[in-house]
Protein chains: 2
Amino acid sequence: MYRIGELAQRYQVKTDTLRFYDKHGLLKPSSRSESGYRIYSEDDAQRLRFILRAKAIGFSLTDISELLSIELDKSNWACADVKGVVDIKLADLEAKIAELNYFKTSLQRLSDACCGGPESAEHCSILEALESNSSAIKCENQTHRHDPSHYTKNCQSKG
Amino acid sequence: MYRIGELAQRYQVKTDTLRFYDKHGLLKPSSRSESGYRIYSEDDAQRLRFILRAKAIGFSLTDISELLSIELDKSNWACADVKGVVDIKLADLEAKIAELNYFKTSLQRLSDACCGGPESAEHCSILEALESNSSAIKCENQTHRHDPSHYTKNCQSKG
DNA sequence: CTTGACCTTAGATTCAACTCCAAGGTTATA
DNA sequence: TATAACCTTGGAGTTGAATCTAAGGTCAAG
Ligand SMILES: [Zn+2]
Ligand SMILES: [Zn+2]
Ligand SMILES: [Zn+2]
Ligand SMILES: [Zn+2]
């Protein structure tokens with residue numbers, strides 16, 4: 001039996017977080033002391049471990065609520081239900097990663113075209129790319145010539 | 001010269017969004033009509049295009065403010081400043097992608113171990129992984145045997 | 001009997017980037 | 001002149017996951 005502060009310290013979370021989980025139904029302490037203090041049992045601690053593990057894997061608290069409700073009543077759920085939660089998450093994640101990779105490629109192209117030196121940004125290829133409609137990026141060493149050691153290899157090859 | 005609705009329609013944004021950009025200093029219309037309507041010039045439209053392009057590449061509005069203030073006063077900034085903004089974003093993005101890939105791997109391992117069938121979740125390997133402390137995932141076809149066509153190749157190989 | 005560490009609650013705040021609302025003013029058309 | 005389609009403003013709401021605050025109750029030690 002733990003009080004909130006003990007459980008928090010044991011699992012490296014804030015007491016605020018445990019109160020938040022209580023309020024939102026993820027983890028209600030199984031009892032209260034006479035004076036109203038939350039008292040967490042070993043089962044509660046196990047449930048907290050479940051929550052923290054699921055969080056570490058990338059589930060949202062909403063997902064975790066769903067998993068916990070299945071967990072509490074396993075025999076009335078099928079593998080399909082559980083795997084469904086995971087697979088939806090996986091698909092979201094893949095979409096998110098694809099989007100970020102797209103951003104990354106775009107930014108990488110911008111970065112490669114800029115010398116990054118102390119020269120005036122008047123002809124900076126990054127700003128020019130953002131000003132213009134075209135998706136082509138002009139390498140700076142055409143418009144804005146200086147020590148080629150500044151440029152990354154990607155861009156040097158064109159100059 | 002465009003009124004807010006025209007500009008919004010031309011660039012497929014909501015009028016609310018343009019008002020938001022005005023309020024937050026990203027895009028202030030260069031004039032107002034007598035009755036107080038926002039009037040956007042061609043330069044304003046160009047600035048909006050800059051904002052939208054930067055957004056599409058993955059910059060936050062805060063980043064964009066910074067880029068715009070450089071853009072407005074290019075000669076007093078260096079390529080290093082501009083490239084700095086891009087490279088910081090790139091580093092953030094890489095960290096984020098790495099984190100999401102870690103989540104993805106974890107979820108993929110969970111998903112692979114579960115049959116996803118209509119069988120009771122009582123011995124579902126996903127739930128078991130979340131209950132247990134170990135990071136190892138037991139494939140279901142050891143505890144919970146049924147039509148092996150359910151399993152993915154990753155998991156079948158162990159059964 | 002008081003200090004200090006702990007606990008309680010409801011409710012406000014944070015971040016981003018909008019999005020929506022109410023209540024009212026303007027303008028073009030029928 | 002009325003109707004609809006615009007526009008204005010300030011301010012509230014959204015999502016997620018906390019984090020923080022204020023005002024107060026509890027408990028063990030000295
Ligand atoms: Zn340069
Ligand atoms: Zn540059
Ligand atoms: Zn199964
Ligand atoms: Zn399963």
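Throughout, protein chains are lettered first and strands after them, A, B, ... in sequence-line order, and every chain is numbered starting at 1.
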A.B. asks: Ignoring backbone atoms, establish whether B:Arg3 has a side-chain N or O less than 4.0 Å from OP1 or OP2 of D:dT8.
C.D. replies: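 Indeed not, no polar side-chain atom of B:Arg3 lies that close.
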A.B. asks: Applying ring pair (Phe, Tyr, Trp, His ring centres under 6.0 Å) as the test, list every pair that has at least one member in residues 16-45 of chain A; sequence neighbours left out.
C.D. replies: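 Qualifying pairs: A:Phe20-A:His24.
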A.B. asks: Please examine the side chains of B:Leu72 and B:Arg47, heavy atoms only from C-beta on, and report whether any two atoms are closer than 4.5 Å.
C.D. replies: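 B:Arg47 reaches B:Leu72 side chain to side chain.
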A.B. asks: Roughly what angle, to 10°, lies between the helix axis at the start of the helix from C:dC1-D:dG30 to C:dA30-D:dT1 and the one at its end, five pairs per end?
C.D. replies: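 Answer for the end axes of this duplex: 30°.
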A.B. asks: Please list, chain by chain and in numerical order, all residues satisfying salt bridge (Lys or Arg N to Asp or Glu O under 4.0 Å) with B:Arg3, sequence neighbours excluded.
C.D. replies: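 Partners of B:Arg3 under the salt bridge (Lys or Arg N to Asp or Glu O under 4.0 Å) test: none.
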A.B. asks: Does this structure show an ion pair linking B:Lys74 with A:Glu131, if we count only N-O contacts that are shorter than 4.0 Å?
C.D. replies: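 Between A:Glu131 and B:Lys74 there is a salt bridge, with a charged N closer than 4.0 Å to a carboxylate O.
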A.B. asks: Nearest whole angstrom, please: distance from the P of C:dT8 to the CD1 of A:Ile39.
C.D. replies: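 One finds 9 Å between P of C:dT8 and CD1 of A:Ile39, rounded.
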A.B. asks: With the threshold set at 4.0 Å, does a side-chain nitrogen-carboxylate oxygen contact exist between B:Glu6 and B:Arg38?
C.D. replies: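 Salt bridge: no.
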A.B. asks: Verify the contact: side-chain N or O of B:Arg32 to OP1 or OP2 of D:dT9, cut-off strictly under 4.0 Å; return yes or no.
C.D. replies: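 True: B:Arg32 side-chain N/O within range (under 4.0 Å) of D:dT9 OP1/OP2.
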A.B. asks: Once side chain to side chain donor-acceptor pair (under 3.5 Å) is applied, do any residues pair with A:Arg53, and if so which ones, sequence neighbours excluded?
C.D. replies: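 Listed in chain order: B:Asn133.
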A.B. asks: Could you state the atom-to-atom distance from CG of A:Leu7 to P of C:dC6 in whole Å?
C.D. replies: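 That distance rounds to 15 Å.
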A.B. asks: Roughly, in whole Å, what's the span from CG in B:Leu18 to P in C:dT19?
C.D. replies: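 Value for this atom pair: 11 Å.
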A.B. asks: Starting at CZ of A:Arg19 and ending at P of C:dC6, how long is that distance when rounded to a whole Å?
C.D. replies: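 Roughly 12 Å, once rounded to whole Å.
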A.B. asks: Measure the shortest side-chain to side-chain distance between A:Leu130 and B:Ile57 over non-hydrogen atoms and say whether it is less than 4.5 angstrom.
C.D. replies: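 A:Leu130 reaches B:Ile57 side chain to side chain.
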A.B. asks: Salt bridge or not for A:Asp16 and A:Arg19, using N-O below 4.0 Å?
C.D. replies: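 Yes, A:Asp16 and A:Arg19 are salt-bridged.
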A.B. asks: If only side-chain N and O atoms count, and only distance matters, is there a donor-acceptor pair under 3.5 Å linking A:Glu140 with A:Ser125?
C.D. replies: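 Side-chain D/A pair, A:Ser125 to A:Glu140: present.
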A.B. asks: Using only side-chain N and O atoms of B:Arg38, determine if any of them is under 4.0 Å from OP1 or OP2 of D:dC7.
C.D. replies: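 No, no such contact exists.
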A.B. asks: Report all interatomic pairs (protein N or O, nucleotide N or O of nucleotides 17-20 of chain D) with separations under 3.5 Å.
C.D. replies:
unit_1: D:dA17; atom_1: OP1; unit_2: A:Leu61; atom_2: N; d: 3.4
unit_1: D:dA17; atom_1: OP2; unit_2: A:Leu61; atom_2: N; d: 3.3
unit_1: D:dA18; atom_1: OP1; unit_2: A:Lys55; atom_2: NZ; d: 3.4
unit_1: D:dA18; atom_1: OP2; unit_2: A:Tyr21; atom_2: OH; d: 2.8
unit_1: D:dT19; atom_1: OP2; unit_2: A:Thr17; atom_2: OG1; d: 3.2

A.B. asks: Taking only N/O atoms, report every protein-nucleotides 22-26 of chain C pair under 3.5 Å with atom names and distance.
C.D. replies:
unit_1: C:dG25; atom_1: N2; unit_2: B:Tyr37; atom_2: OH; d: 2.8
unit_1: C:dT26; atom_1: O4'; unit_2: B:Tyr37; atom_2: OH; d: 3.2

A.B. asks: Taking CD from A:Glu6 and C1' from C:dA5, how many angstroms apart are they, rounded to a whole number?
C.D. replies: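 Rounded to the whole Å, the gap is 13 Å.
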A.B. asks: If you define the side chain from C-beta out and look only at heavy atoms, does anything of B:Leu61 sit under 4.5 Å from B:Lys55?
C.D. replies: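 Yes, their side chains come closer than 4.5 Å.
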